[in-house]
Amino acid sequence: ILTPLGNSPAAFMRGALNGANCVREVTKFDASNYPVRFGAEILFDDPELAAMAAIKTEMPTVAKWCVHASRMAIEDSGLDVTKAGPHSTAVVLGVSAGATEHLSNQLMSGNSFNRIRGATAVLMSPAAAAVHVSRELGVHGEILNITSACSSSTSAIAHATRMIQYGDARCVLTGGAEESISPMYI
């Protein structure tokens, strides 16, 4: 679990039960010229998450979070997701908006829409997170992203449950993520 309240189930519950306020000034970009300068950002206080943020520049933030959360889930479960074969584990994520930071960064650097890099469309795809989880973790079962607005994560978890119930997968990495703190959204 990665949330503005904490990057572990224990930290999240502690913050939620204590009524912690995770809204603070935006640090992801300079928001000083925007009418809204506050948001609930996920903090990169976990060493592995901070390392991913620094190294994987072509991986959208949403994908970084999903890869890291998937690694944490695998570790917490004690499962070896590749033991039964790489094709027996599926990835089903719920990402609705995709990663707009690449488009935002290019527009903020002065590029017009006709000068945007071709890879931006791929990097912005909501499906990018599921693809990165599969590639980074070496699981090659069905890879699926469900986009159903605010219920994307819940829809992904429901679909993953049905996959296991119907025997379509032995293990499914599932959940969801959104990144709404960017100049395009503010």
Side-chain angles (χ1 to χ4, degrees), residues 1-17 19-24 26 28 36 38-44 46 49 52 59-77 79 81 88-104 120-137 139-186:
I1 186 169
L2 300 172
T3 74
L5 280 177
N7 295 342
S8 72
F12 172 78
M13 285 305 295
R14 193 171 38 255
L17 293 173
N21 181 357
C22 57
V23 176
R24 55 187 73 81
V26 170
K28 186 175 176 181
V36 176
F38 294 90
E41 293 178 292
I42 291 177
L43 300 177
F44 290 91
D46 180 296
L49 192 58
M52 284 187 75
M59 185 185 291
T61 300
V62 169
K64 293 174 192 176
W65 292 340
C66 289
V67 168
H68 184 63
S70 295
R71 284 188 179 138
M72 290 174 19
I74 290 168
E75 184 179 317
D76 288 348
S77 73
L79 294 173
V81 296
S88 65
T89 300
V91 178
V92 180
L93 297 180
V95 178
S96 184
T100 61
E101 76 255 27
H102 292 284
L103 180 60
S104 290
T120 299
V122 173
L123 293 168
M124 285 181 55
S125 168
V131 171
H132 280 290
V133 167
S134 170
R135 292 169 88 190
E136 292 286 321
L137 302 179
V139 295
H140 304 292
E142 184 173 351
I143 302 166
L144 179 65
N145 182 73
I146 295 180
T147 301
S148 55
C150 296
S151 65
S152 296
S153 297
T154 304
S155 297
I157 293 167
H159 185 82
T161 301
R162 286 190 300 277
M163 288 178 73
I164 292 172
Q165 288 172 335
Y166 298 159
D168 295 332
R170 295 186 68 197
C171 179
V172 182
L173 294 170
T174 188
E178 289 299 338
E179 168 60 276
S180 299
I181 298 179
S182 77
M184 289 184 68
Y185 288 117
I186 291 183

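What you are looking at is a predicted structure, and each value in this text was computed from that prediction instead of being measured. The first residue of the sequence shown is numbered 1, and numbering continues consecutively from there.
- The backbone N or O of Ser96 lies less than 3.5 Å from a partner atom in the side chain of Glu178, making a donor-acceptor pair.
- Here the OG atom belonging to Ser70 is positioned 12.5 Å from the NE2 atom belonging to His132, to the nearest 0.5 angstrom.
- For the atom pair Ile146 CD1 and Leu93 CG, the distance stands at 9.0 Å (nearest 0.5 Å).
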The test is salt bridge (charged side-chain N to carboxylate O under 4.0 Å, His left out); show your working for Glu179 and Lys28 and say whether it passes.
CA-CA 11 Å; Glu179 168 60 276; Lys28 186 175 176 181; 2.8 Å; yes
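- Val62 and Ala129 get closest at one heavy-atom pair: CG1-CB, 4.1 Å.
- In this structure, OG on Ser8 lies 8.0 Å from CD1 on Ile1, to the nearest 0.5 angstrom.
- Interatomic distance, CG of Leu173 versus OG of Ser77, reported as 8.5 Å (0.5 Å rounding).
- Expressed to the nearest 0.5 Å, how far NE2 of His159 lies from CG of Asn145 amounts to 11.0 Å.
- In terms of heavy atoms, Val92 sits closest to Thr174 at O-OG1, 2.8 Å.
- To the nearest 0.5 Å, the span separating OG1 on Thr89 from CD1 on Ile143 amounts to 11.5 Å.
- In this structure, a donor-acceptor pair under 3.5 Å is present between the side chains of Ser148 and Ser151.
- Closest of all the heavy-atom pairs between Ala128 and Pro60 is CB-CG, 4.3 Å.
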